[in-house]
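Following: one structure in structure tokens, then a few remarks.
Reckoned from all heavy atoms, side chains included, excluding hydrogens, waters and symmetry mates. Note that ligands are numbered from 1 as they come in the structure, with each ligand's atoms numbered from 1 the same way.
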Amino acid sequence: MSGAIAIAGLRYRYHDGTEALRGVSFQIALGECVGLLGPNGSGKSTLLLHLNGILPDKIADGGAVRIAGEAITATNLESIRRQVGLLFQDPDDQLFCATVEEDVAFGPQQLGLRGEALVTRVEHALGMVGLAGYGHRATHHLSHGEKRRVCLAGVLACEPTVLVLDEPTSDLDPRGRREFKALLQGIPATKLIATHDLEWVVELCSRVIVLDRGVVVADGPTVEVLNDEALMLAHGLERPHSLRHHHPH
Ligand code: ADP
């Protein structure tokens, strides 16, 4: 059983020679919600881009990344992308249609949805992210936070079984963070979430994986890992305030 996501010895070097991933391995079981932590430049975004085959020269690499047991190859890329919904760090990298509804409809259209079924799917997704009625708005006039929610609606509209999110709360206000947490809790997909928002991770994820300089330096129960002050400091992180009353043994 290889789980929803299985990564084995994944390495990645950018064209300029930067070694972003230096042998990353872990598995995530079906339905798990896992936080991916680490300082800037530790390889989080690079790792997430591998989960639906966005970094093209890796596709032929044979088995380093598996989704639901299936290695990502050039021939099954489409089926992988049906399963994995990826929310980019920067919404401007993800949005490319003139209006909100066109953008949210793009993914489900690729999956073959048309007519009333498509309209219903788009409206439902916009409602889930709190943007009901925004369909006709021009995407380039939205605030950064609204753009991010449009991107999320576009991802959710494809009903992925694996949800991969890169810094999803970085521009949300406290209410937005709470609402987004509740939204994610209501979605049964397997989730892997890269974030610096450790308080939010404590509430949402039962497990965290810590990356530093392209390797996994910790992988375990959230409270246990985040309570390890020496580990956290060694990797540019900070023990969250909400855990200060939990004394490590
Ligand atoms: P994180 O998401 O944890 O901040 P990244 O995956 O963005 O980390 O970056 C990992 C490493 O790869 C860093 O050293 C970064 O500078 C480098 N890197 C990221 N994108 C590129 C790129 N397009 N070209 C060259 N190096 C890159």
Task: Pair listing, side chain to side chain donor-acceptor pair (under 3.5 Å) test, anchored in residues 181-191, at least two apart - done: Lys181-Glu203
TODO: Show the numbers, then the answer: is there a side chain to side chain donor-acceptor pair (under 3.5 Å) between Ser79 and Asn76?
DONE: CA-CA 5 Å; Ser79 118; Asn76 70 2; 5.3 Å; no
- [ ] Verify side chain to side chain donor-acceptor pair (under 3.5 Å) between Arg82 and Thr161, making sure each step is shown before the conclusion.
- [x] CA-CA 8 Å; Arg82 275 169 194 260; Thr161 55; over 6 Å; no
- [ ] Evaluate salt bridge (charged side-chain N to carboxylate O under 4.0 Å, His left out) for Arg213 paired with Glu19, printing each intermediate quantity in order.
- [x] CA-CA 8 Å; Arg213 295 185 198 140; Glu19 259 194 308; over 6 Å; no
- [ ] Applying side-chain contact (heavy atoms from CB on, under 4.5 Å), name anything that partners Thr18, two or more places apart in sequence or on another chain.
- [x] Tyr14, Asp16
TODO: Enumerate the residue pairs fulfilling side chain to side chain donor-acceptor pair (under 3.5 Å) with a member in residues 192-202, sequence neighbours excluded, ordered by first and then second residue.
DONE: Asn40-His196, Glu167-His196, Thr169-Asp197, Arg177-Asp197, Glu199-Ser242
- [ ] Mind jotting down which protein residues get a heavy-atom contact under 4.0 Å with ligand 1? Chain and number order, please.
- [x] Tyr14, Asp16, Thr18, Ala20, Pro39, Asn40, Gly41, Ser42, Gly43, Lys44, Ser45, Thr46
